[in-house]
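Just so we're clear, the structure is a prediction, and the values are computed from it rather than from any experiment.
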Amino acid sequence: MFEEVDWSERGEYMTVRHGISPAMANEVLADPRRLVMDPDPASESGRSVRIVGWSQTRGGLVTVIVLEDNGHQYGVNGWAANDLDRRRYQAQEE
């Protein structure tokens, strides 16, 4: 589903702003237990997808935002998962 996300436009921003590298974000996208919220509940346009998953490199849960446009997936942002997203991720396992 998220095999080839393009981080070329926002990867550096995400790394500088939130300390999440594109490699960490890709670990989240590859997490077999990832939580996918489509659309992202915080999206104003309804076009972005929120994914919460485990980053081995970070050693914790990370939230990643991906925008799908004309069959292309763009990485928009990522940050350490907040309490709500951690609870959502854990709730799906129960």
Side-chain angles (χ1 to χ4, degrees):
M1 180 176 192
F2 298 103
E3 293 81 26
E4 294 188 35
V5 173
D6 179 352
W7 291 101
S8 63
E9 296 293 321
R10 299 278 294 182
E12 185 176 341
Y13 167 84
M14 179 176 66
T15 302
V16 170
R17 179 86 167 129
H18 300 290
I20 303 297
S21 69
M24 288 178 203
N26 287 335
E27 290 175 345
V28 169
L29 300 175
D31 177 359
R33 296 180 359 226
R34 70 184 178 254
L35 172 64
V36 177
M37 291 176 268
D38 185 3
D40 173 4
S43 173
E44 291 181 16
S45 70
R47 294 178 44 216
S48 61
V49 179
R50 177 179 297 233
I51 303 98
V52 182
W54 185 261
S55 165
Q56 183 65 37
T57 304
R58 175 96 176 164
L61 290 173
V62 172
T63 299
V64 173
I65 306 298
V66 173
L67 177 65
E68 297 181 87
D69 188 37
N70 292 329
H72 195 78
Q73 297 173 334
Y74 298 94
V76 175
N77 212 344
W79 54 83
N82 62 27
D83 289 340
L84 177 58
D85 283 348
R86 283 195 298 273
R87 285 193 305 270
R88 287 172 169 158
Y89 180 88
Q90 292 165 348
Q92 76 169 347
E93 295 180 341
E94 297 173 353

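Under the salt bridge (Lys or Arg N to Asp or Glu O under 4.0 Å) criterion, R86 pairs with D83, sequence neighbours left out. For the side chain to side chain contact (heavy atoms under 4.5 Å, CB included) test, residues two or more places apart in sequence or in another chain that qualify with E12 are V16. Under the rule for a salt bridge (Lys or Arg N to Asp or Glu O under 4.0 Å), R17 has no partner lying at least two apart in sequence or in another chain.
The backbone N or O of H72 lies less than 3.5 Å from no partner atom in the side chain of N70, so there is not a single donor-acceptor pair.
Pairing each heavy atom of G75 with each of R10, the nearest pair is O-CB, 3.5 Å. Here the closest heavy-atom approach between residue G19 and residue R58 is recorded as O-NH1, 3.8 Å. In terms of heavy-atom proximity, P22 sits nearest to T15 at CD-OG1, 3.6 Å. Here the closest non-hydrogen pair linking V52 and A81 is CG1-CB, 4.3 Å. Closest approach of N26 and W7 over heavy atoms only: OD1-NE1, 3.2 Å. In this structure, V28 and R34 approach most closely via the heavy-atom pair O-CB, 3.8 Å.
To the nearest 0.5 Å, the span separating CG on N82 from OG1 on T63 amounts to 6.0 Å. One distance of note links CG of D31 with CD of Q56; it measures 10.5 Å at 0.5 Å rounding. Between the CD atom of Q92 and the CG atom of L35 there is a distance of 4.5 Å, given to the nearest 0.5 Å.
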Evaluation steps, side chain to side chain contact (heavy atoms under 4.5 Å, CB included), between Q73 and V49: CA-CA 10 Å; Q73 297 173 334; V49 179; over 6 Å; no
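The shortest side-chain heavy-atom distance between I65 and W79 falls under the 4.5 Å cut-off. Annotation: side chain of V62 is not in contact with side chain of M24 (no heavy-atom distance under 4.5 Å). At a threshold of 4.5 Å between non-hydrogen side-chain atoms, the residues E68 and D38 count as touching. The shortest side-chain heavy-atom distance between I51 and V66 falls under the 4.5 Å cut-off.
When the options N77, I20, L29 are evaluated for a side chain to side chain contact (heavy atoms under 4.5 Å, CB included) with V64, the one that passes is L29.
Y74 and M14 fall into different hydrophobic clusters, where Ile, Leu, Val, Met, Phe, Trp and Tyr side chains are chained together by heavy-atom contacts under 4.5 Å.
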